Amino acid sequence: MGKLLIVGTVAFDAIETPFGKTDKILGGAATYIGLAASQFEVDSAIISIVGDDLQQEYLDLLTDRGIDISALEIVKGGKTFFWKGKYHNDLNSRDTLVTELNTLEDFNPVVPENYNDADVVMLGNLHPIVQLGVINQMKKRPKLIILDTMNFWMDNALNDLMEVIKQVDVLTINDEEARQLTGEYSLVKAAQKIFTMGPKYVVIKKGEHGALLFNEDQIFFAPALPLEEVFDPTGAGDTFAGGFSGYLAATNDSSFENMKKAIIHGSNLASFSVEKFGTERMIDLDRKEIRERLHQFKKLTQFDIELQ
């Protein structure tokens with residue numbers, strides 16, 4: 001069983017979409033990544049920080065799915081990171097209403113000894129210095145280091161971000177962020193420029209329009225499954241990252257061909273995540289549903305054509 005080390009936030013979210021709104025519910029990049037990765041035969045652990053206001057039932061939820069939370073620091077008297085946002089009618093854009101860093105402000109990650117030899121490290125969206133701190137604590141170079149980041153860090157910590165990008169194997173960002181990072185409108189040119197920064201693979205997420213995988217002169221495109229209803233896109237990108245990294249850790253194969261499969265598994269799990277608010281859909285998801293939807297993905301992309 002491969003070892004997957006997940007770094008990211010375990011948080012509270014309050015979400016409003018055209019379909020309704022929630023009070024504080026469980027969220028955070030590491031939560032979504034962990035829940036998605038738990039669908040594979042993988043030995044995973046989360047590094048994060050929370051306050052003692054995080055309910056025990058949420059901690060139990062993670063451990064019940066085989067996720068090691070011994071490196072989840074709980075600060076007595078502290079408050080858990082909180083984000084509140086409101087999505088516009090198209091669900092592609094949103095306004096951040098509240099961001100409270102709380103315990104995350106002083107987060108100093110400590111890699112547990114039994115995971116400093118992890119096969120795959122999934123660096124969820126956090127300050128680049130925190131991500132770099134985790135890389136520097138690894139006893140040996142992981143087989144694969146995957147980095148997820150966002151435009152906020154490009155705006156506010158670009159030099160630190162570039163230091164992390166130098167050290168990773170896979171960079172996952174969305175199309176807007178790829179263009180901002182490289183100054184290239186063409187996503188093909190953007191990926192080529194990112195290769196010069198360090199990563200061997202680039203995954204560019206395009207939301208409801210799928211995802212692109214680049215490696216040198218090879219390109220693969222995975223569509224997003226057309227869904228009848230989308231309630232809440234929060235965490236879809238992190239769920240994708242969890243499916244992607246979880247599958248790669250479970251299969252112990254980082255070839256381009258296997259990454260293509262990992263992209264499909266990530267897209268498949270992300271298609272469930274958006275069907276309910278927060279982590280609710282990922283919590284009640286079973287493997288039979290996952291297999292059935294994978295067949296839908298296969299039908300969506302499979303065709304016969306005669307080539308002259």
Side-chain angles (χ1 to χ4, degrees), residues 7-8 29 33 85 87-88 90-96 120-132 135 144-225 233-245 248 254-267 270 301:
V7 187
I33 293 168
Y87 286 87
H88 299 177
D90 64 359
L91 291 178
N92 288 322
S93 52
R94 69 187 185 193
D95 297 322
T96 293
V120 178
V121 173
M122 178 67 234
L123 299 170
N125 179 33
L126 275 175
H127 196 294
I129 289 177
V130 174
Q131 296 171 326
L132 202 57
I135 294 172
L144 210 59
I145 303 175
I146 306 167
L147 170 67
D148 189 29
T149 191
M150 67 182 296
N151 49 10
F152 179 83
W153 305 119
M154 296 173 200
D155 292 334
N156 297 286
L158 184 59
N159 291 339
D160 295 324
L161 177 59
M162 295 304 290
E163 284 302 311
V164 183
I165 289 174
K166 276 183 196 174
Q167 299 198 41
V168 306
D169 303 291
V170 186
L171 175 64
T172 75
I173 49 176
N174 68 30
D175 45 0
E176 178 191 340
E177 292 156 352
R179 289 178 173 126
Q180 178 176 339
L181 182 63
T182 63
E184 297 285 355
Y185 182 80
S186 161
L187 296 180
V188 176
K189 286 184 178 177
Q192 289 168 347
K193 192 170 275 189
I194 292 168
F195 291 144
T196 67
M197 299 173 186
K200 304 180 190 74
Y201 299 91
V202 178
V203 177
I204 299 180
K205 299 170 287 186
K206 292 167 60 66
E208 63 180 322
H209 304 297
L212 287 155
L213 169 67
F214 297 88
N215 171 235
E216 295 177 347
D217 59 348
Q218 301 180 96
I219 303 175
F220 174 70
F221 172 71
L225 195 70
T234 311
D238 296 314
T239 301
F240 171 88
F244 179 74
S245 59
L248 291 172
S254 58
S255 66
F256 185 76
E257 285 305 308
N258 202 51
M259 282 208 183
K260 285 158 66 172
K261 295 175 187 174
I263 289 273
I264 295 294
H265 279 284
S267 299
T301 56

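Computed from a predicted model, the values in this text were never measured in an experiment.
Contact record, I204 with A178: CD1-CB, 3.9 Å, taken as the closest heavy-atom pair. Taking every heavy atom of both residues into account, F195 and K200 meet most closely at CE2-O, 3.3 Å. Listed here is the closest heavy atom pair of I145 and D169: N-OD2, 2.7 Å. Considering all non-hydrogen atoms of both residues, I146 and S245 come closest at CD1-CB, 3.7 Å. When every heavy atom of A262 is checked against every heavy atom of F244, the shortest pair comes out as CB-CD1, 3.5 Å. Taking every heavy atom of both residues into account, V188 and F214 meet most closely at CA-CE2, 4.0 Å.
Rounding to the nearest 0.5 Å places OG of S255 at 7.5 Å from NZ of K261. Residue F240 holds its CZ atom at 7.0 Å from OG1 of T172, rounded to the nearest 0.5 Å. Atom-to-atom distance recorded for F152:CZ and L161:CG is 12.0 Å, nearest 0.5 angstrom. With rounding to the nearest 0.5 angstrom, the CZ atom of F220 is 9.0 Å from the CD atom of E257. Atoms NZ and CG, from K260 and N258 in turn, are 10.5 Å apart once rounded to the nearest 0.5 Å. Taking CG from D238 and CD1 from I33, the interatomic distance works out to 5.0 Å, rounded to the nearest 0.5 Å.
Between the K189 side chain and the E184 main chain, no donor and acceptor come within less than 3.5 Å of each other. Looking at Y201, its side chain never comes within 3.5 Å of a backbone N or O of M259 through a donor-acceptor pair. A donor-acceptor pair under 3.5 Å is formed between the side chain of N174 and the backbone N or O of E177.
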Next on the checklist: Does T149 form a side chain to side chain contact (heavy atoms under 4.5 Å, CB included) with V164? I'd like the steps, not just the answer.
Outcome noted: CA-CA 10 Å; T149 191; V164 183; over 6 Å; no
Checklist entry - Run the side chain to side chain contact (heavy atoms under 4.5 Å, CB included) check on I173 and Q180 step by step: do they pass? => result CA-CA 11 Å; I173 49 176; Q180 178 176 339; over 6 Å; no
Item to check | D148/L126 under side chain to side chain contact (heavy atoms under 4.5 Å, CB included): CA gap, chis, key distance, verdict | outcome: CA-CA 8 Å; D148 189 29; L126 275 175; over 6 Å; no
Checklist entry - Would M197 and L171 satisfy side chain to side chain contact (heavy atoms under 4.5 Å, CB included), going step by step from the backbone distance to the final call? => result CA-CA 10 Å; M197 299 173 186; L171 175 64; 6.0 Å; no
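One side chain, W153 or N125, offers a donor N or O that lies under 3.5 Å from an acceptor on the other. Side-chain contact, H127 with N156: no donor N or O sits under 3.5 Å from an acceptor N or O.
Looking at I165 and P199, their side chains come closer than 4.5 Å, going by heavy atoms from C-beta outward. Using a 4.5 Å heavy-atom threshold, the side chains of D175 and L212 count as separate.
With respect to K166 and E163, a salt bridge is recorded, a charged nitrogen being found less than 4.0 Å from a carboxylate O.
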